[in-house]
Asks: 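I have a structure here, written as structure tokens, and I will follow up with some questions on it.
Source: prediction; values computed, not measured. Note on naming: letters A, B, ... go to the chains in the order of the sequence lines (proteins, then strands), and numbering restarts at 1 for each one.
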Amino acid sequence: MPELPEVETTRRGIEPHLVGHRVTRLAVHEPRLRWPIPEAVRSLENATVASVTRRAKYLLVTVPAGSALFHLGMSGSLRLCTDGAARRKHDHVEMTLSSGGILRFHDPRRFGCLLWQPTGDGVHPLLARLGPEPLSDEFDGEILFRAARGRRIAIKTLIMNAAVVVGVGNIYASEALFAAGVRPGRAAARVTRAESGRIAQAIKTVLARSIEMGGTTLRDFVDSDGEPGYFAQSLAVYGRAGEPCGVCASPVRQRVLAQRSTFWCPTCQR
DNA sequence: CTAAATACCTGATGGC
DNA sequence: TGCCATCAGGTATTTA
């Protein structure tokens, strides 16, 4: 399940292999992703990649005519194959580059997407209503506190809302709230300004640390399977129901909030 | 406007 | 060994 750190690590990994290189061939083997892959992505062919950027969990591969917009969904991965390995099952799209490498979009569950945004056509609708990037200065405790005014939903549900802040997935939501000492089920409106500050800071710290780890753990995803599994050893509460909290040894608790498994320490979090 | 539920999909896992 | 049921999960969309 690619969360923001995995998406950013993927971006950093593929960027040097794409920018400045020409797409010599685009092969769409399975257009039925979350939305059908539009014909317009053919504009990539014979174009030279200008940049590879990220917005929330979307990756944008930009050429002069526009941007290919990838989302990895829950099971997607982008890996660069330079070793001539054969296409595997669920490799839905292949971008062959002038360097000889092939960028392969692999997504067994097909929750991902590949869309097209023409140059000069404004911001894609999927990106238009997104909140600030969690690692930017634009996102802080104050903006979180204000977003929480009058909201009865759980604070965890609020920080997972992309209109409030992007890139906080189910795993890191629990992790950040543990780091901030706030219980995930607390009503958003009952979180204080000071706690909002700690939560915002925790989101930044947890994500940044994970990106750093991705830099080492995922470094060689080129020619590898690109699916490193999770850094489970670094998760404090996620997936650890019943296990002793690493700080106070209380058993970690689990419940479902807004259809999502949620984990917390009843002692360290209030 | 908010909040909750739903849909999309396949692989892994557990029970029998 | 096989088969069925359950679960996981990002997020746009639908419903209340």
Side-chain angles (χ1 to χ4, degrees), chain A residues 1-11 29-38 54-60 69-78 88-93 105-117 123-134 144-177 184-191 203 206-207 210 225-232 235 237-242 254-263:
Chain A
M1 323 144 243
E3 297 229 22
L4 186 140
E6 288 78 4
V7 177
E8 176 59 23
T9 300
T10 296
R11 190 198 69 76
H29 303 286
E30 172 56 88
R32 296 175 303 167
L33 301 184
R34 178 165 189 183
W35 297 284
I37 297 175
R54 178 186 62 76
R55 174 72 173 111
K57 293 175 186 171
Y58 294 92
L59 281 173
L60 286 76
L69 204 152
F70 289 91
H71 194 293
L72 304 182
M74 293 175 37
S75 58
S77 62
L78 277 172
R88 298 180 307 170
K89 194 179 180 185
H90 305 305
D91 281 345
H92 304 313
V93 179
F105 181 56
H106 179 87
D107 187 5
R109 294 178 202 175
R110 293 195 273 120
F111 269 28
C113 66
L114 167 53
L115 299 171
W116 180 253
Q117 172 68 7
V123 181
H124 193 280
L126 288 179
L127 307 183
R129 292 181 183 176
L130 295 176
E133 288 287 328
L144 179 59
F145 183 71
R146 269 182 265 137
R149 292 312 85 205
R151 304 297 296 271
R152 300 151 76 146
I153 52 170
I155 183 63
K156 172 176 178 259
T157 307
L158 185 77
I159 63 176
M160 290 181 66
N161 181 344
V164 174
V165 57
V166 302
V168 181
N170 196 45
I171 293 173
Y172 294 114
S174 281
E175 291 298 306
L177 287 168
R186 175 117 58 97
R190 293 188 168 276
V191 173
I203 288 171
V206 165
L207 290 177
S210 189
D225 66 7
E227 291 171 54
Y230 267 70
F231 319 126
L235 298 176
V237 288
Y238 187 85
R240 296 189 182 279
Q254 172 180 12
R255 68 178 276 209
V256 174
L257 280 177
Q259 336 278 88
R260 293 290 177 263
S261 284
T262 305
F263 300 84

Asks: Which residue lies toward the 5' end of DNA chain B, A:Gly150 or A:His90, if each is placed at its nearest nucleotide?
Replies: A:Gly150
Asks: Given atom CD1 of A:Ile155 and atom C1' of B:dA3, what is their separation to the nearest angstrom?
Replies: 15 Å
Asks: Hey, are the side chains of A:Pro134 and A:Tyr172 touching, using non-hydrogen atoms and a 4.5 Å cut-off?
Replies: no
Asks: What is the separation between atom CZ on A:Arg109 and atom P on C:dA8, rounded to the nearest whole Å?
Replies: 11 Å
Asks: Tell me: NE2 of A:His71 to P of B:dC8, nearest whole Å?
Replies: 18 Å
Asks: Below 4.0 angstrom from OP1 or OP2 of C:dG10, is there any side-chain N or O of A:Tyr172?
Replies: no
Asks: What's A:Leu126 touching, base or sugar-phosphate or nothing? Going by heavy atoms closer than 4.0 Å.
Replies: sugar-phosphate
Asks: Counting heavy atoms from C-beta on, name the nucleotide in C:dG10, B:dA3, B:dA5 closest to the side chain of A:Gln259.
Replies: B:dA5
Asks: Whole Å only: how far is the CZ atom of A:Phe111 from the P atom of B:dG11?
Replies: 13 Å
Asks: Take the protein atom CZ of A:Arg110 and the nucleotide atom P of B:dA7, then report the distance between them rounded to whole Å.
Replies: 18 Å
Asks: In whole Å, I'd like the distance from the CD1 atom of A:Ile153 to the C1' atom of C:dT11.
Replies: 15 Å
Asks: Considering all heavy atoms of both residues, which atom of A:Ser75 and which atom of A:Pro108 are nearest to each other, and what is their separation?
Replies: O-CD, 3.3 Å
Asks: Over how many whole Å does the gap from A:Arg260 atom CZ to C:dA8 atom C1' extend?
Replies: 9 Å
Asks: So how far off straight is the helix from B:dT2-C:dA16 to B:dC16-C:dG2, going by the axes through five pairs at either end, to 10°?
Replies: 50°
Asks: Is there a side-chain contact between A:Leu177 and A:Ile159 (heavy atoms, below 4.5 Å)?
Replies: yes
Asks: More than 12 foreign heavy atoms under 6.0 Å from CZ of A:Arg149: is that the case here?
Replies: yes
Asks: Please determine which of A:Leu257, A:Val206, A:Thr262 meets the side-chain contact (heavy atoms from CB on, under 4.5 Å) test together with A:Ser174.
Replies: A:Thr262
Asks: Do A:Arg34 and A:Phe111 pass the side-chain contact (heavy atoms from CB on, under 4.5 Å) test, and can you show the C-alpha distance, the side-chain angles, and the key distance before you say yes or no?
Replies: CA-CA 5 Å; A:Arg34 178 165 189 183; A:Phe111 269 28; 5.7 Å; no
Asks: Considering every strand and a 4.0 Å limit on heavy-atom distances, what is the contact class for A:Thr157: base, sugar-phosphate, or nothing?
Replies: nothing
Asks: CG of A:Leu114 to CD of A:Glu30: how many Å apart, nearest 0.5 Å?
Replies: 12.5 Å
Asks: Rounded to the nearest angstrom, tell me the gap between atom CZ in A:Arg34 and atom C1' in C:dT11.
Replies: 5 Å
Asks: With respect to the phosphate group of B:dC9, does any side-chain polar atom (N or O) of A:Ser75 fall under 4.0 Å of OP1 or OP2?
Replies: no
